[in-house]
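Okay, structure first, notes after.
Letters A, B, ... mirror the listed sequences (proteins, then strands); counts begin at 1.
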2 protein chains.
Amino acid sequence: MHPLFKYINKYASTLISEKDFEVFRSHFSEKKIRKKQYLLEEGEICKYFAFILKGAMRKYYIDEKGVEHVVNLYIENWWAGDRESFVMFTPSIYHIDAWEDCELLLITRESILELCRQFPAFNELLLKLDERNNIATQRRITSSISFTAEKRYADFVDCHPYFLHRFPQHIIASYLGITKDTLSRVRKKALKK
Amino acid sequence: MHPLFKYINKYASTLISEKDFEVFRSHFSEKKIRKKQYLLEEGEICKYFAFILKGAMRKYYIDEKGVEHVVNLYIENWWAGDRESFVMFTPSIYHIDAWEDCELLLITRESILELCRQFPAFNELLLKLDERNNIATQRRITSSISFTAEKRYADFVDCHPYFLHRFPQHIIASYLGITKDTLSRVRKKALKK
DNA sequence: TATATTCATAGACATTTGTCTACGTTTTTT
DNA sequence: AAAAAACGTAGACAAATGTCTATGAATATA
């Protein structure tokens with residue numbers, strides 16, 4: 001079964017038919033990108049959201065000192081894109097690139113709106129995704145403002161173990177808002193326990 | 001015009017009639033709570049989302065040392081509640097209380113789902129709110145992991161000037177993930193510029 | 001009005017985290 | 001196979017932030 005078909009039927013309460021799925025699929029375009037290639041660069045408008053069939057990606061922000069700050073990590077069955085730019089048609093402040101070679105399904109804003117009109121199940125899917133996303137980001141903010149680096153890392157290991165063997169430590173450190181050096185110390189301390 | 005009526009027609013693309021609004025309103029119950037009283041306490045399930053007609057509220061998390069960490073601030077025309085608990089029916093880790101005397105409109109999860117079924121405009125409204133919320137939290141996470149305390153405060157003053165005269169500095173400091181002492185230093189430094 | 005509480009700031013000191021350099025290992029590229 | 005790049009750790013030092021105590025002003029409460 002196609003991963004996207006599986007994915008949609010996993011989240012929507014009413015299953016869609018194989019036939020409907022073909023209409024669905026026609027709104028997506030396949031794209032393969034190689035490691036280190038960009039899906040989105042700073043200053044561009046995010047024209048596509050990407051459903052990841054295979055591979056790993058990251059979204060990051062480069063500050064005025066040239067330091068990269070990883071904002072999101074993505075693997076299979078996740079959506080990658082900059083929502084703000086995608087919805088508002090404003091230039092993005094983020095870069096999104098492939099950390100591993102990727103197979104993606106791209107979709108435009110217009111196609112999303114069209115699919116929502118045509119398939120209530122898709123609309124429902126998007127509502128649920130936003131809901132989940134809101135819950136997850138709320139947790140991340142809570143963790144970010146109230147936990148120590150040590151606890152944030154422990155929390156990360158608990159919640160996202162599948163990221164541990166896909167991204168190196170300096171990327172995870174950046175995602176947690178700390179430096180690789182601090183993460184290295186935190187890990188050393190944790191080992192002693 | 002009723003503030004909620006105004007609010008709905010501001011965000012939905014199709015206007016709702018005065019008559020429809022009465023159906024709408026019947027799903028909300030009015031509640032007044034006084035300063036320091038709780039809308040939600042830790043361990044409870046969040047049964048109501050609150051639309052704030054008047055007043056100011058805050059959501060916070062209390063860590064194992066007993067320290068309060070402010071996660072959200074709310075004023076008129078904002079929605080207060082814990083989405084995770086509201087949707088998943090799990091005990092909340094947050095407290096929500098009134099910082100000023102408040103007038104609220106409460107609505108249950110069932111009523112929200114019912115209104116979504118009955119009024120596509122309401123469904124659309126919720127989608128847009130989630131979209132905006134996602135964009136805002138994304139920005140907050142970016143700020144939190146990549147900005148210094150000084151920049152985070154400057155950013156806060158830019159984005160939420162209306163909070164400045166509603167909440168004292170130690171609350172704002174907590175919202176920014178720093179102590180009141182650090183915020184005091186940051187402000188002192190900023191004055192010199 | 002008197003009293004208690006909240007609030008903002010300050011300074012001294014401790015702790016955490018960042019910065020930088022270095023090194024050995026592993027992985028990737030040529 | 002050789003060279004280059006990426007990776008993780010370590011230590012020395014610097015900077016940022018937290019902790020604690022104190023104080024005076026503003027605000028709320030009795």
Review point. Does B/D97 pair with B/K36 as a salt bridge, N-O distance under 4.0 Å?
Key: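 Salt bridge: no.
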- Query: Where each residue is assigned the nucleotide of DNA chain D containing its nearest heavy atom, which of B/K35 and B/T148 is assigned the position nearer the 5′ end?
  - Reply: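 Its nucleotide being nearer the 5' end, the pick is B/T148.
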- [ ] By nearest nucleotide on DNA chain D, pick out whichever of B/K180 and A/I171 is the more 5' one.
- [x]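 Nearer the 5' end of the strand: A/I171.
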Round to the nearest Å and state the distance from [X] atom [atom1] to [N] atom [atom2].
{"X": "A/K189", "N": "D/dT9", "atom1": "NZ", "atom2": "P", "result": "16 Å"}
{"X": "A/K151", "N": "C/dT15", "atom1": "NZ", "atom2": "P", "result": "20 Å"}
{"X": "A/K65", "N": "D/dA15", "atom1": "NZ", "atom2": "C1'", "result": "10 Å"}
{"X": "A/L176", "N": "C/dG18", "atom1": "CG", "atom2": "C1'", "result": "15 Å"}
{"X": "A/R152", "N": "C/dT16", "atom1": "CZ", "atom2": "C1'", "result": "11 Å"}
{"X": "B/R34", "N": "D/dA28", "atom1": "CZ", "atom2": "P", "result": "13 Å"}
{"X": "B/H69", "N": "D/dG18", "atom1": "NE2", "atom2": "P", "result": "10 Å"}
{"X": "A/E100", "N": "D/dA6", "atom1": "CD", "atom2": "C1'", "result": "15 Å"}

Which residues pass the side chain to side chain donor-acceptor pair (under 3.5 Å) test with B/E41, sequence neighbours left out?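 B/E41 satisfies side chain to side chain donor-acceptor pair (under 3.5 Å) with no other residue.
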### Message
Can you see whether B/Y11 has B/K128 sitting over its ring - NZ or CZ less than 6.0 Å from the centre and within 45° of the normal?
### Response
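Verdict for B/Y11: no cation-pi partner in B/K128.
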Does OP1 or OP2 of [N] have a side-chain N or O of [X] closer than 4.0 Å?
{"X": "B/H170", "N": "C/dA8", "answer": "yes"}
{"X": "A/Q169", "N": "D/dT9", "answer": "yes"}
{"X": "B/S184", "N": "C/dA8", "answer": "no"}
{"X": "A/R185", "N": "C/dT17", "answer": "no"}
{"X": "A/T182", "N": "C/dG18", "answer": "yes"}
{"X": "A/T179", "N": "C/dG18", "answer": "yes"}

### Query
For the atom pair SG (A/C116) and CG (B/L127), what is the distance rounded to the nearest 0.5 Å?
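Nearest 0.5 Å value for the SG-CG distance: 7.0 Å.
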Checklist entry - Once you round to the nearest 0.5 Å, how far does NE2 of B/H160 lie from CD1 of B/I75? => result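 Between atom NE2 of B/H160 and atom CD1 of B/I75 there are 10.0 Å.
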Just to be sure I understand the rule, does B/K36 reach a base, reach only the sugar-phosphate, or reach nothing, if contact means heavy atoms closer than 4.0 Å?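 Answer is sugar-phosphate: B/K36 comes under 4.0 Å of backbone atoms only.
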Contact class for A/L183 vs. all strands (heavy atom < 4.0 Å): base, sugar-phosphate, or nothing?
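If one applies the 4.0 Å heavy-atom cut-off, A/L183 turns out to touch nothing in the nucleic acid.
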For residues 155-167 of chain A, which residues have at least one heavy atom under 4.0 Å from DNA chain D?
->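 Correct list: empty, so none.
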Candidates D/dT19, D/dA10, C/dC7 - which lies nearest the side chain of A/K188:
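My answer, after comparing the listed nucleotides, is D/dA10.
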Check your understanding: With respect to the side chain of B/D181, which nucleotide from C/dT19, D/dT17, D/dT21 is positioned closest?
Key ->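 Of all the options, the side chain of B/D181 is nearest to D/dT21.
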**Message:** Can you tell me how the ring of A/F163 sits relative to the ring of A/F167, calling it parallel under 30°, perpendicular over 60° and tilted otherwise?
**Reply:**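 Geometry flag for A/F167 against A/F163: perpendicular rings.
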Aromatic ring centroids of B/Y60 and B/Y175 under 6.0 Å?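 Not close enough - the centres of the two rings lie 6.0 Å or further apart.
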Side chains of B/Y74 and B/R58, donor plus acceptor under 3.5 Å |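 The answer is no; no qualifying pair exists.
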